[in-house]
Amino acid sequence: MSRTEPDRRPHTRGGPDLPETPDDAQDGPDLPKPPGVEEPPAGQKSPGAKESTGGEESPGAEENARGPAGDRAAPDGRRRPRRAFRWVRRGVLGLVLAVLVPLLAAETALRINYTGDPADGTYTRNRDALWLGHAWVDGRKDDADLAALARRLRGTGVRDLYVHSGPMEHDGTLPEAKYPRARWLIDGVHREMPGVRVQAFLGDVLATEGPDGMRLERAATRAAVVGSARQVLDAGYDGVHLDLEPLHSGDRNYLGLLDDLRDVTRAHDAQLSVAAHQIDPLPGFHSVWGTFTGHPKWWSQEFFGQVARRVDQIAVMSYDTMQPLESTYGGYVAQQTALALEATPPTTHLLMGLPFFHENRFGHWNHAETVPAAVRGVRLGLSRTDADRTRFGVALYIDFAATEADWAAYTGGWVRPAG
C-alpha cells in the first residue's frame with residue numbers, strides 16, 4: 001500500500017503509490033501499491049514386452065523385459081529408467097498438492113468469511129480519511145479545485161486529508177520546496193471544510209530489501225525525520241502522516257522513531273498517523289513468506305499493536321492483497337479488520353484502506369479488489385469483532401485515481417448504506 005508518493009506507484013511496494021498521471025506528475029524522487037508420460041493401464045503390456053510362443057509369459061520374461069533394475073526395454077535394446085521417472089513424477093505431484101491444498105483451503109475460508117450480513121449501525125462514524133496527491137501543494141491545484149473537493153466531501157465521513165508533501169530525502173530531511181502551496185491548501189480547507197484536518201503525508205523507501213533508501217538504524221536519520229515533522233507542523237499542518245516502506249515486522253528503530261515523533265506532535269497539539277502494513281493472515285506468515293521471497297510484506301499482530309499504541313491514527317493498507325476474486329478479497333478485508341481491531345487500543349483511531357485506484361498486476365487485480373467488496377468486508381469484520389467501536393473509519397486511496405463508481409460505492413455502502 002502504501003505509497004509514499006501517491007503520484008507514482010513502484011511495482012516493488014505495497015502501499016499508496018500509483019503510476020504518474022498527467023494531472024499529478026511530480027518532479028524529484030518518488031515512492032510510496034507443463035506434458036507428462038502416462039504409465040500403461042493395468043493389465044496391458046508395454047510395447048517392448050516379449051511373449052512366449054505358448055501364449056503365456058515364460059519364467060523370467062518380466063525380468064528380461066524390464067531388466068534387473070526395473071527399467072523397460074526399448075526396441076533398440078536400451079533400457080528406459082521408468083522407475084526413477086515414476087518417483088520423480090510422484091514427488092512433483094506431492095509438491096503440487098502440498099501447495100494447492102492449503103491454498104484452496106485458505107481461499108475457501110476467505111470466501112466463507114465474506115458471507116453473512118453486517119450488523120445494524122456498522123457504517124461511518126464520521127472519522128474517515130482521504131489520501132491526496134502532491135498536486136495539492138506544488139501549485140497545480142487552484143481555488144476551483146478546492147471548491148470541487150469541498151463539494152465532493154460534503155455529506156461524507158471524511159475528516160482527515162493525508163496530503164502528499166514529500167518524499168523525504170534518504171537522510172530524513174525534507175526540502176521546503178516540496179510543498180510551496182501548503183499554506184494555501186491548509187487555510188482553504190479550514191475555510192471551506194470546517195472540522196477537516198490537513199496532515200502532511202511524508203514517506204520514503206527504506207533500505208530493508210535493497211542497497212538504496214532510508215536507514216532507520218542511523219540515529220542521525222531518525223533525528224532528521226523528527227526535524228522534518230516539526231518543520232511541517234510549524235508550516236501549519238494539523239498532523240504528520242508517516243509512510244515508510246518496506247517496513248519489516250519487529251523493527252525497534254521504527255518504534256523508537258514513533259516515540260520521538262509523538263513528543264513533537266503532542267507539543268504542537270497535532271495528530272500523528274501512520275500507514276500500516278497488513279497483519280499476518282496466519283501466525284508467523286510474514287517470516288515464512290519472507291524466507292521464500294525476501295519481502296515479508298505482513299506485520300505480526302503483536303507488532304501492529306505496538307505501533308498502534310504509539311500513534312493517534314493507524315490506517316491499514318488493505319489492498320494489494322493478491323486475492324483473485326471479489327469474494328475472497330472481501331473475506332480477506334473482513335479478516336484484516338478483525339485482526340486490526342483486536343490489536344488496536346480503543347484510544348487509537350483505526351482506519352481500513354479502500355482501493356480508489358485501478359490497475360492489473362501481480363498482487364492487485366482490479367476485478368477483485370473493488371470498493372464494494374472492501375466496504376462489505378470492513379462492515380463484516382467490524383460487526384463480528386467490535387461493532388460499537390467509535391474511533392474507527394475507512395481511508396480512501398487515492399483522490400486522483402478515483403472514479404464516480406468508487407465514490408458511489410463508498411457513500412452508498414458506508415456513509416448511507418442501502419436498507
Side-chain angles (χ1 to χ4, degrees), residues 1-3 5-11 13-26 32-33 114 123-124 128-136 140-142 144-164 189 193 196 201 275 315-330 332-333 351-379 393-418:
M1 137 174 142
S2 91
R3 323 281 189 226
E5 159 61 85
D7 297 344
R8 292 184 176 177
R9 179 191 190 93
H11 69 278
R13 300 181 46 244
D17 286 339
L18 289 175
E20 225 174 64
T21 65
D23 233 14
D24 286 276
Q26 172 190 350
K33 326 146 117 263
Y114 192 56
Y123 44 85
T124 188
D128 303 331
L130 170 65
W131 277 284
L132 294 179
H134 200 86
W136 288 97
R140 282 174 286 166
K141 297 290 187 180
D142 57 21
D145 296 309
L146 184 62
L149 179 64
R151 288 193 299 272
R152 168 70 74 185
L153 299 184
R154 191 171 298 127
T156 71
V158 173
R159 293 297 177 268
D160 283 281
L161 302 176
Y162 303 144
V163 187
H164 191 267
V189 169
M193 295 167 263
V196 174
F201 174 12
V316 184
M317 297 179 283
S318 40
Y319 35 78
D320 294 349
T321 65
M322 298 182 286
Q323 289 304 313
L325 303 173
E326 194 173 24
S327 58
T328 59
Y329 172 63
Y332 183 88
V333 172
L351 301 105
M352 302 302 297
L354 303 185
F356 270 43
F357 63 94
H358 304 271
E359 60 183 47
N360 284 300
R361 55 179 171 77
F362 178 74
H364 182 100
W365 302 109
N366 191 54
H367 68 271
E369 298 198 14
T370 67
V371 176
V375 168
R376 178 175 167 77
V378 168
R379 295 189 64 202
V394 296
L396 324 175
Y397 182 81
I398 186 171
D399 72 310
F400 61 79
T403 66
E404 288 299 323
D406 295 330
W407 284 105
Y410 160 67
T411 56
W414 178 247
V415 179
R416 294 181 293 273

- Would you mind reporting whether Tyr123 and Val378 have side-chain heavy atoms less than 4.5 Å apart? no

- Rounded to the nearest 0.5 Å, how far apart are CH2 of Trp407 and CZ of Phe356? 5.5 Å

- Item | Note, Arg140 side chain near Asp145 side chain (heavy atom, < 4.5 Å) | no

- Task: For the pair Glu359 (side chain) and His364 (backbone), establish whether a donor and an acceptor sit closer than 3.5 Å, ignoring hydrogens and angles.
- Result: no

- The reported gap from CZ in Phe400 to NZ in Lys141 (rounded to nearest 0.5 angstrom) is 9.5 Å

- Item | The single option from Val158, Thr156, Leu354 passing side chain to side chain contact (heavy atoms under 4.5 Å, CB included) against Asp128 | Val158

- Query: With side chains defined as the heavy atoms from C-beta onward, is the minimum distance between Leu130 and Tyr410 less than 4.5 Å?
  - Reply: no

- Query: Would you call Asp399 and Leu149 a side-chain contact if the rule is heavy atoms closer than 4.5 Å?
  - Reply: no

- Item | Euclidean distance, Trp131 CH2 relative to Leu161 CG, rounded to 0.5 Å | 12.0 Å

- Task: Could you tell me whether the side chain of Gln323 reaches within less than 4.5 Å of the side chain of Trp365, counting heavy atoms only?
- Result: no

- Query: Counting N and O atoms only, with roles assigned by atom type, does the side chain of His164 sit under 3.5 Å from a partner on the main chain of Ala135, one being a donor and the other an acceptor?
  - Reply: no

- Note on the structure: Rounded to the nearest 0.5 Å, the CH2 atom of Trp414 sits from the CG atom of Leu396 at a distance of 11.0 Å

- Query: OG1/Thr328 to CD/Glu369 distance, rounded to the nearest 0.5 angstrom?
  - Reply: 9.0 Å

- Query: Would you find a donor on one side and an acceptor on the other, under 3.5 Å apart, between the side chain of His358 and the backbone of Asn366?
  - Reply: no

- Item | Asp320 (side chain) donor-acceptor with Gly363 (main chain) under 3.5 angstrom | no

